[in-house]
Amino acid sequence: MSDEIREQRIKEVNELREQGVNPYPYKFEKTETTGEIKEKFSYLEKGQVLEDEKVSTAGRVMAIRKQGKTSFFVIKDVDGRIQAYIRQDKVGEKDFSFFKKYINLGDFIGIKGFPFKTHTGELSVFVEEFKLLSKTLQTLPEKWHGLKDKEIIYRQRYVEMLSNDDALNRFKIRFEILKTVREELNKKGFIEVETPVLHYLTGGATARPFETKMNAFDAEMFMRISLELYLKRYLVGGFDKVYEIGKNFRNEGISYKHHPEFTMMELYQAYADYFDIMDLVEELVNTVVRKVAGKEVIEYGGKKIDFTRPWKRVVMADYIKEKLGADIINDSDEKLLSILEEHESIPEIKERGHLIDKLWDLVEDSVVNPTFIMEHPTIISPLAKKHREKENVTERFELVINGMEIANAFSELNDPVEQFKRFEHQAKLREEGDEEAQMMDLDFISALEYGMPPTGGLGLGWDRIVMLLTDSPSIRDVIPFPMVRKSNEENI
RNA sequence: GGUCCCUUAGCUCAAUUGGCAGAGCGGUUGAUUCUUAAUCAAUAGGUUGCAGGUUCGAUUCCUGCAGGGAUCACCA
């Protein structure tokens, strides 16, 4: 039982304290990461020793190969792993026997020494001094297969990260992507802003919200389902280019591409239209892919996805007509419904907007390479401006990659009277039982009445980009601490 | 929420038709001064997810529950 090993470790911790050794000391002067050492001394020849070069690093002990008067061990830090070599004749009998007795897999250790390359060519650190930095009481997962139990992986992600190097790397990539996005947008003059998470009204998307309560005002509130309506208020207020990267909360089902709490970026640029935003998102995502993947054609689930610019631009109605024969602009509701029925896809709510959404769902999977799907019908786009030339459609596009909607953007509707009418239609849908329809936000209308410049806006779900760039089959693989059912275990 | 599948040692996995619950890693003890999934010897570690049922006998068959996965529905 693990308890037995745990008891053994606690016994050792107590022994250490009795010997005047703190098993959880305060500090270690770590001057190099494992990666920095590897980079700096990779040029060494087999067997070459650089006794005058001093290095100091620290990390978690991931493997120990103890021998009589010498040991090899491997330490892991955020950069990777490096081997260390300790010998009794170098550190002395007392320290060496301490190492053999008290250093276990999983412990944190700090080492000082010099670099050398073994006879088999592995760059290693020859240990002159070491310090136990933190005792682990738990056993590590199996060293060869790593951790595979999905339940532990999701509930105790830290165990996956510490044992499976690819998990740590996956999350490093996630945050490198977000960092790159910020750098690129900041370079273009966008200002990163914040908006409230708790709303009285939800809007900006069609989704069921999480409900909560604010004690101070004794008021029911919702967690935000989008960032849109508050970000637009910044434009009314005088900001030209803003963006926010933050969590949205949608009280809907979980799937390989859906998670109730997910990371959304929204961006608004005054005086721009949806074509400008198309160029911007194409450049931004392409830059991120090139920087993180180092190439423009990536592999996802064995499939090639080509991010080379320019990306395909397809009118939504044309695409659906080509694939299904349905004309979402001119066909009657009855006709659209009958086509849906042919494909055994019947929406619960038989309102035209839902029929169109359903038809789109049927063809979405056939899009693999980055593609802009354009000109969505007005009826399913309550916040988008009417198309400047065509009837019944908006200046909107969605970026679709590998059957997933990655981004959604429009020339933003800034006519307050028109916006009010669109909200009224949404309100009617709500009354008819569509819990996902948007709520009437009169303060937002009021903001528009003060005037919002012509604006191009974008929403982009970065989790899905992270999936693509880490070849992860599920969004839960790229959300560090995904939602799990409340545990029954008392001691987890 | 529906349907199907999974749950055995800390971890990764076995267990023939329903017939003594096993291995590797990890742990402990010992040997070992260039190992790298180190090696060698010894050893501890189990209420087979939980609760019932069928049976002489259940890890194995049945029912319920819990957790997890896949998929469908809703959604991005």
Side-chain angles (χ1 to χ4, degrees), chain A residues 1-9 11-12 46-47 49 62-74 81-90 96 100-101 104-106 116-122 124 126 136-155 159-160 163-164 204-209 225-226 248 250-260 262-264 344-349 354 357-358 360-361 364 398-400 403-408 434-436 459-464 473-476 484-489 492:
Chain A
M1 267 178 82
S2 76
D3 271 358
E4 208 165 296
I5 296 172
R6 202 165 156 271
E7 290 306 318
Q8 170 73 21
R9 296 283 166 265
K11 203 183 102 201
E12 285 167 10
K46 279 182 188 175
V49 179
M62 298 305 290
I64 310 183
R65 295 179 280 276
K66 289 179 181 172
Q67 299 177 50
K69 294 187 175 61
T70 173
S71 290
F72 287 91
F73 58 102
V74 175
R81 299 177 180 222
I82 196 161
Q83 177 172 266
Y85 181 47
I86 184 169
R87 285 167 58 141
Q88 181 170 301
D89 59 12
K90 201 81 182 177
F96 188 76
K100 278 184 93 169
K101 184 160 170 51
N104 293 100
L105 289 185
F116 76 107
K117 219 166 219 178
T118 64
H119 296 315
T120 50
E122 176 157 358
S124 308
F126 205 121
T136 176
L137 304 183
Q138 297 281 348
T139 54
L140 296 187
E142 218 255 2
K143 67 179 172 187
W144 189 241
H145 300 92
L147 181 65
K148 289 192 166 175
D149 186 327
K150 287 273 190 215
E151 189 170 354
I152 302 176
I153 284 175
Y154 290 145
R155 283 186 189 278
V159 181
E160 191 201 20
S163 69
N164 301 4
T206 53
R208 278 187 236 188
I225 60 170
S226 93
N248 278 354
R250 298 187 184 174
N251 212 340
E252 313 266 5
I254 294 176
S255 82
Y256 77 95
K257 57 180 172 180
H258 296 98
H259 193 262
F262 67 104
T263 298
M264 174 73 118
E344 289 171 10
S345 174
I346 296 139
E348 279 175 26
I349 300 168
H354 285 260
D357 278 337
K358 271 302 208 200
W360 169 248
D361 283 348
E364 189 176 39
E398 288 183 307
L399 171 60
V400 178
M404 293 192 288
E405 185 194 328
I406 300 294
N408 183 22
D434 185 351
E435 287 181 66
E436 284 149 12
L460 195 155
W462 284 109
D463 299 302
R464 290 176 174 181
S474 167
I475 196 167
R476 305 182 87 192
V484 285
R485 225 173 268 274
K486 202 170 168 184
S487 173
N488 288 333
E489 303 288 330
I492 275 190

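In what follows, every chain begins at residue 1, and chains take the letters A, B, ... in the order their sequences are listed.
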Rounded distance in Å - [atom1] ([X]) to [atom2] ([N]):
X	N	atom1	atom2	value
A/Glu4	B/U28	CD	P	11 Å
A/Ile64	B/U28	CD1	P	9 Å
A/Tyr85	B/C34	OH	C1'	5 Å
A/His119	B/U33	NE2	P	15 Å
A/Lys66	B/U39	NZ	P	15 Å
A/Gln88	B/U35	CD	P	19 Å
A/Ile86	B/U32	CD1	P	17 Å
A/Glu151	B/U8	CD	P	10 Å

Checklist entry - Do you see a donor-acceptor pair shorter than 3.5 Å between the side chains of A/Glu4 and A/Gln8? => result no
Checklist entry - Quick one: do the A/Gln83 and A/Ser124 side chains pair a donor with an acceptor below 3.5 Å? => result yes
Over all atoms of both residues, closest heavy-atom pair of [X] and [Y]:
X	Y	answer
A/Lys100	A/Lys66	O-NZ, 2.6 Å
A/Glu405	A/Glu364	N-OE2, 3.7 Å
A/Arg250	A/Ala207	CD-CB, 3.5 Å
A/Ile349	A/His354	O-CB, 3.2 Å

Residue [X], side-chain atoms from C-beta onward, closest of [options]:
X	options	value
A/Glu122	B/U12, B/G26, B/U35	B/U35
A/Glu436	B/A38, B/C74, B/U12	B/C74
A/Arg476	B/G69, B/G68, B/A44	B/G69
A/Gln8	B/G27, B/A44, B/U12	B/G27
A/Ser255	B/C74, B/U35, B/G26	B/C74
A/Lys100	B/C34, B/C11, B/U32	B/U32
A/Asp89	B/C11, B/A76, B/U33	B/U33
A/Ile5	B/C11, B/G27, B/A76	B/G27
A/Tyr154	B/C74, B/G68, B/C25	B/G68
A/Lys69	B/G68, B/U33, B/C11	B/U33

Item to check | Residue whose nearest RNA chain B nucleotide is more 5′ - A/Thr206 or A/Val49 | outcome: A/Val49
Checklist outcome for this item: Per nearest nucleotide of RNA chain B, the residue lying toward the 5' end, A/Asn104 or A/Ala207, is A/Asn104
Using only heavy-atom distances, decide whether a donor-acceptor pair under 3.5 angstrom links the side-chain of [X] to the base of [N].
X	N	result
A/Arg485	B/A66	no
A/Ser71	B/U35	no
A/Gln83	B/U35	yes

Applying a 4.0 Å non-hydrogen cut-off, can you work out what [X] is touching in the nucleic acid: base, sugar-phosphate, or nothing?
X	answer
A/Gly461	nothing
A/Arg250	base
A/Arg9	sugar-phosphate
A/Glu12	sugar-phosphate
A/Asn408	nothing
A/Ile152	sugar-phosphate

Item to check | Base of B/U12 and ring of A/His145 stacked, centres under 5.5 Å, planes under 30° | outcome: no
Could you work out the separation of [N] and [M] based on their [atom1] atoms and round it to a whole Å?
N	M	atom1	value
B/A9	B/C13	P	12 Å
B/A42	B/U59	C1'	30 Å
B/A14	B/U39	P	22 Å

Checklist entry - Using a cut-off of less than 4.0 Å, is there contact between a side-chain N or O of A/Arg155 and OP1 or OP2 of B/G68? => result yes
Checklist entry - Do the side-chain N or O atoms of A/Arg65 get closer than 4.0 angstrom to the phosphate oxygens (OP1, OP2) of B/U39? => result no
Could you check which nucleotide pairs with [N] in any of the strands shown, counting Watson-Crick or G-U wobble with both distances under 3.5 Å?
N	result
B/C40	B/G30
B/G19	B/C56
B/G1	B/C72
B/G46	none
B/U7	B/A66

Item to check | Mutual orientation of the aromatic rings belonging to A/Tyr85 and A/Phe126 [parallel < 30°, tilted 30-60°, perpendicular > 60°] | outcome: perpendicular
Checklist entry - Heavy atoms, side chains only, cut-off 4.5 Å: are A/Pro260 and A/Asn251 in contact? => result no
